[in-house]
Amino acid sequence: MCGVVGIVGKSDVNLQLYDALTMLQHRGQDAAGIVTCSNGRIAQQKANGLVKDVFRTRHMQRLVGNYGIGHVRYPTAGSSGPAMAQPFYVNSPYGIALAHNGNLTNAESVCDDLYRTDLRHMNTDSDSEALLNVFAQELQKIHKLQPQAEDFMKAIEGVHKRIIGGYAVVTLIANYGLVAFRDPHGIRPLVFGERKTEQGTEYMIASESVALDVAGFTLTRDVEPGEAIYITKEGELYSQQCAEKAVYTPCIFEHVYLARPDSIIDGISVYKARLRQGEKLAEKILRDRPDHDIDVVIPIPDSSRVAGQALAHTLGVKFREGLVKNRYIGRTFIMPGQQQRKKSVRQKLNPIPLEFKGKNVLLIDDSIVRGTTCEQIIQMARESGAAKVYFASAAPAVKYPNVYGIDMPTATELIAHDRTTEEVCEAIGADWLIYQDIDDLIWASSEGNSAITQFDCAVFNGEYITNDVDQSYLDRLATQRNDKAQTKQRELDLDNSNVVGIHNDSAESV
């Protein structure tokens, strides 16, 4: 769940990249980076931390150039440290920097193949570095001193044949411009837009449309599944379908939680999709409990607020803000480690007892993943005097790991895995629990774009659309990425600041 952006402008794009990354900060709070190019010289700044902490005046002064890319990272797989901050860079051929959102499901075999066949060394355990080297090697095969648009497209055709998984990618090619591409299923989002100036047309490619909005770019469309876009440094745009079998199957969890409600991705308004989620959930409550005794609907801020408003309106009950959010605490879903998440929930949310005391409260959240947040909030509601505490999830039960770029690594860490709704209800301490039906969730998104007939719903139904994920793969993933393994990895990450190619530049202001 990282965020990527690329811009080709008519003047320096460093400040626009910075602003775009701040708009994508919700997609990753672990690290941030920007790479720009001017007269063939690549400049970069990247480090652990929020966007506002990574970049200072002196960094922006050297990040010159009319084209560049940026990245905000949250650790899905691999290590978490300065060495893992993106964009990644490789000097041959041409000089390529890459920013990637997603996860490759065949990363191990790709890395092995890169060494055995192409003699390329991987310096980290990041699948993004593997993806960069595959793209570089495919360009190397073409071996042209001055590559044209069709050469970049041919290289991406080769990339699609070698890698599997979810990926939305922006790359910078020194002296040439930007190349962006999306996996053949369109699992991870990628949009592009343009802005007219007196000097000509400028282009931006980003994970979400909100990044375009802040800079005054007009959304053109989504990058199609399997499509590649090449924008020269002079501002000429080329696009081509580069995958043999492209089937539009975007991740529906973007509409549930990941994306901002003011974004439009895959032609679907995230805001309206969440409104429809709330309406459908209310209809289910009215079917199952026509004589419900709900006094008030209270959302768990922020991502459930839109669905909660529609839910309350359809039920005909009051909607109240009973939980106040501390804006300076990060998203608990992103927090590494269960203990860190538990600590952050209490720091992040504080109840308003007046809205709970003596009432039958229906709390609504966008989803229930590990159960950490909702269990503690239900306890807070009871401590605030609620008579009864009901809980609604705007998404179906999350029962299966995600392998395409969201931190849901192990089934045993998912509270709904191998549990009935009643058992989950008891585990989180609610008086009653209701989940969204998967057909209703799909309807809520597809209603926004009838051209999309299927979505990646693997976390709900266990159907992995790349057809390469079996139980042995999930078992390996669980071993590598469960909370215990991540805690051990973070201890090892203390040494990552000295990895070759990483300059640990202090982010102090000047």
Side-chain angles (χ1 to χ4, degrees), residues 2-25 27-28 31-47 51-52 54-73 85-91 94-101 128 131-132 135-136 152 168-181 190-195 197 199-208 210-212 214-217 223 228-238 501 503 505 507:
C2 301
V4 302
V5 61
I7 302 176
V8 176
K10 298 302 179 182
S11 58
D12 288 343
V13 297
N14 49 4
L15 294 178
Q16 296 172 62
L17 288 168
Y18 176 92
D19 289 342
L21 290 182
T22 63
M23 297 298 285
L24 297 173
Q25 186 75 85
R27 300 189 68 87
I34 290 176
V35 168
T36 60
C37 188
S38 176
N39 298 319
R41 294 287 185 177
I42 288 179
Q44 77 165 355
Q45 167 62 18
K46 58 181 183 176
V51 175
K52 66 181 180 65
V54 170
F55 304 101
R56 289 291 184 262
T57 301
R58 68 179 183 277
H59 304 136
M60 306 311 285
Q61 289 173 340
R62 61 180 171 79
L63 288 170
V64 296
N66 75 303
Y67 59 108
I69 62 175
H71 186 269
V72 287
R73 179 179 192 264
Q86 295 186 38
F88 285 136
Y89 171 76
V90 67
N91 69 343
Y94 314 119
I96 306 171
L98 175 145
H100 164 222
N101 172 31
S128 302
L131 199 162
L132 168 60
F135 179 47
F152 293 120
V169 179
V170 291
T171 68
L172 180 151
I173 316 294
N175 290 308
Y176 291 96
L178 301 187
V179 177
F181 54 97
L190 197 63
V191 302
F192 78 93
E194 58 187 65
R195 181 176 64 183
T197 70
Q199 293 78 30
T201 302
E202 299 178 317
Y203 294 96
M204 180 188 289
I205 300 173
S207 294
E208 295 183 35
V210 290
L212 281 64
V214 69
F217 284 77
V223 178
I229 292 179
Y230 169 48
I231 307 170
T232 69
K233 66 181 191 297
E234 293 80 20
E236 298 176 87
L237 186 145
Y238 302 85
H503 175 54
D505 187 7

Can you tell me how far CG of D19 sits from CG of L24, rounded to the nearest 0.5 angstrom? 11.0 Å
Going by side chain to side chain donor-acceptor pair (under 3.5 Å), name the residues that satisfy it together with T201, two or more places apart in sequence or in a different chain. K196
Check side chain to side chain donor-acceptor pair (under 3.5 Å) between E208 and all other residues, then give those that pass, not counting sequence neighbours. H26, R27, S263
Answer whether the closest heavy-atom distance between the side chains of F88 and Q44 falls below 4.5 Å. no
Assess the side chains of R62 and Q45: does a donor N or O sit below 3.5 Å from an acceptor N or O? yes
Could you list the donor-acceptor pairs under 3.5 angstrom formed by side chains in residues 33-41, with sequence neighbours left out?
| from | atom 1 | to | atom 2 | distance (Å) |
| --- | --- | --- | --- | --- |
| T36 | OG1 | V64 | N | 3.4 |
| T36 | OG1 | V64 | O | 2.9 |

Taking only residues two or more places apart in sequence or in another chain, which ones pass ring pair (Phe, Tyr, Trp, His ring centres under 6.0 Å) with F135? F181
Taking only residues two or more places apart in sequence or in another chain, which ones pass ring pair (Phe, Tyr, Trp, His ring centres under 6.0 Å) with Y94? Y176
Distance-only, no hydrogens or angles: does the Y67 side chain make a donor-acceptor pair with backbone N or O of A174 under 3.5 Å? no
For the pair N66 (side chain) and K233 (backbone), establish whether a donor and an acceptor sit closer than 3.5 Å, ignoring hydrogens and angles. yes
Report the C-alpha separation of E202 and K10 in whole Å, then their side-chain angles, then the decisive distance to 0.1 Å, and conclude whether the salt bridge (Lys or Arg N to Asp or Glu O under 4.0 Å) test is met. CA-CA 7 Å; E202 299 178 317; K10 298 302 179 182; over 6 Å; no
So, using side chain to side chain donor-acceptor pair (under 3.5 Å) as the criterion, who are the partners of T171 when residues are at least two apart? none
